[in-house]
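Below is one structure, written out as structure tokens; the observations come after it.
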There are 2 protein chains.
Amino acid sequence: MSERKKRKPGETREKLMSAVLTLVGKGRHFASLGIREVTRQAGVVPTSFYRHFRNMDDLGLQLVDELGLVLRRMMREARENVFQADKLIEESVGIFVSHAQANRSFFLFMAQGLAGESRAIQDGIRSEMRYFSTELANDLRRLKLADHLTDGDLEMTCDLVVRSVAFSLTDLMGVSAEDEYQVEQIRKRTCRFLQLIFVGAAHWDNKQA
Amino acid sequence: MSERKKRKPGETREKLMSAVLTLVGKGRHFASLGIREVTRQAGVVPTSFYRHFRNMDDLGLQLVDELGLVLRRMMREARENVFQADKLIEESVGIFVSHAQANRSFFLFMAQGLAGESRAIQDGIRSEMRYFSTELANDLRRLKLADHLTDGDLEMTCDLVVRSVAFSLTDLMGVSAEDEYQVEQIRKRTCRFLQLIFVGAAHWDNKQA
DNA sequence: ACAACATGTGCACAAGTGTACACATTAGGT
DNA sequence: ACCTAATGTGTACACTTGTGCACATGTTGT
């Protein structure tokens, strides 16, 4: 009953997954990738694919799961590095941008999947975003930064925040990672978006009537 | 020198374009479509394709142009139907939603193109959004609804509005057009997003320091 | 050590793909 | 009415694709 011996349990599997990410990173769209192309990129024989995935969508779904891990890691880092509230937005957006650069292909895949052709993958990504949004709401509650908002309004605010950041993602993916200036522009603009949203949230209740 | 005689100048051409829209409407992703598939759907022989387009991306670009027309028509209707400021958001979002339903495939194509694999198409759609955003800014200025904002801040606000609506588009495309309840939920949620943003904009200057 | 299984490989094949070429039809301007 | 250009069609070919099958290899549990 010792199951942790496998020397390379999913070596090919990982090669296939990162082959997809590589291709996506090169500008290809996930929906246009075929099994043969992916196996070729992974340096594996086509039939090997079926040892690990039933089809491309299956592989995509498992990529979404890994994407979840990346996002969680990012969120943890954000929580550890944000000390005072006034720098909250700048710090968080900064961490987001640097993660997006470090895992470019992953986030590219995410951006694609939002309007992709597999409904399951769409739902998976959407679900990750929802999770992210509720966690953000929890944090804001804990930091006492949202005391005047009802749960519903806080949820909505966080949803809008997450959406805006996700949209900035597409901006970010549109410019080369080395273009420091453009990246910086996007970072600043995203911060301003979030500030605007939070100003709106701070003054929300009186308008709610 | 009379050039308007052509009986069916671009009949096949239109058939090809709407064939793409049909396939996209059926849930396919633009990036995964091939020339043969499209011509088959259009009921045309494969080689005809090259009479009108150089490749799929070319066709996509021309679809973006048509999309621009759809968007402009939508904006015109919005301008004609919005009378007083307090219903501005509800009216506009309503018009947006109904247009998105009426031209589902078109908007689906737009949502896909934002993270598609053709850079040119991405830029085209982005450019349409920018246009939309600046027009919105002009309207708000004209209606005296943004007097306390600098041009830059107004531009940012409108950009955020357009992005939020565009993201709602992906929500909308995710539910069946007949699911009245879900569509209504999305409509309401989008309105709340915009309200939140405008509340933020209304109180922006004091925070700007 | 041996049986059971998971994983990787090679081969095969029918189907689909992009596109070149030559030809048929039609439309437009004179 | 005629020439030219635009548009549509059929055939052809080399190539890619998904996937089934049989076999090789390695790994695990007893």
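Quantities reported herein were computed from a predicted structural model and do not represent experimental measurements. Chain letters run A, B, ... following the sequence lines, proteins first and then strands; every chain starts at 1.
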Quick one: closest heavy-atom pair of V24(A) and S105(A), and the distance? CG1-O, 4.0 Å
Helix axis bend for the helix from dA1(C)-dT30(D) to dA27(C)-dT4(D) - C1'-based end axes, five pairs, 10° rounding: 30°
For nucleotides 14-17 of chain C, tabulate all protein N/O to nucleotide N/O atom pairs closer than 3.5 Å, reporting atom names and distance.
{"unit_1": "dT17(C)", "atom_1": "OP2", "unit_2": "R40(B)", "atom_2": "NH2", "d": "2.4"}

For R142(A), is there an ion pair with E135(A) - N to carboxylate O distance below 4.0 angstrom? no
Could you check how far CG of L33(A) sits from C1' of dT16(D), rounded to whole Å? 14 Å
Do S164(B) and I197(B) come close enough that some side-chain heavy atom pair is under 4.5 Å? yes
Per the under-4.0 Å heavy-atom filter, residues of residues 43-51 of chain B near DNA chain D come out as V44(B), V45(B), T47(B), S48(B), R51(B)
With a 4.0 Å cut-off, would you call R192(A) and D159(B) a salt bridge? no
Closer than 4.0 angstrom, basic N to acidic O: yes or no for R130(A) and D123(A)? no
Sorted by chain and residue number, the side-chain hydrogen bond (donor to acceptor under 3.5 Å, both in side chains) partners of D65(A) (sequence neighbours excluded) come out as none
Residues 92-125 of chain A vs ring-ring contact (aromatic ring centres under 6.0 Å, His included), sequence neighbours excluded, gives F30(A)-F109(A)
Between K188(A) and E90(A), is there a salt bridge with N-O shorter than 4.0 Å? no
Side-chain donor-acceptor distances from residues 32-40 of chain A under 3.5 Å, at least two apart:
{"unit_1": "S32(A)", "atom_1": "OG", "unit_2": "R28(A)", "atom_2": "NH2", "d": "2.9"}
{"unit_1": "S32(A)", "atom_1": "OG", "unit_2": "H29(A)", "atom_2": "O", "d": "2.9"}
{"unit_1": "S32(A)", "atom_1": "OG", "unit_2": "E117(B)", "atom_2": "OE1", "d": "3.3"}
{"unit_1": "E37(A)", "atom_1": "OE2", "unit_2": "R28(A)", "atom_2": "NH1", "d": "2.3"}
{"unit_1": "T39(A)", "atom_1": "OG1", "unit_2": "I35(A)", "atom_2": "O", "d": "3.1"}
{"unit_1": "T39(A)", "atom_1": "OG1", "unit_2": "R36(A)", "atom_2": "O", "d": "2.8"}

Rounding to a whole Å, what distance do you find between D57(B):CG and dG18(C):P? 13 Å
Rounded to whole Å, how long is the line connecting atom CD of E11(A) with atom P of dT25(D)? 18 Å
Between CG of D58(A) and P of dG18(D) the distance, given in whole Å, is 15 Å
Please state how far atom CZ in F53(B) lies from atom P in dG8(D), giving the value in whole angstrom units. 10 Å
Going by atom types alone, do T150(A) and D153(A) pair a side-chain donor with an acceptor below 3.5 Å? yes
Nearest-angstrom distance from the residue atom CE of M56(B) to P of dT19(C): 11 Å
Taking OP1 and OP2 of dG8(D), is either one under 4.0 Å from a side-chain nitrogen or oxygen of H52(B)? yes
Rounded to whole Å, how long is the line connecting atom NZ of K15(B) with atom C1' of dT9(D)? 13 Å
Quiz item: cation-pi between R13(B) and F49(B), 6.0 Å / 45°: no
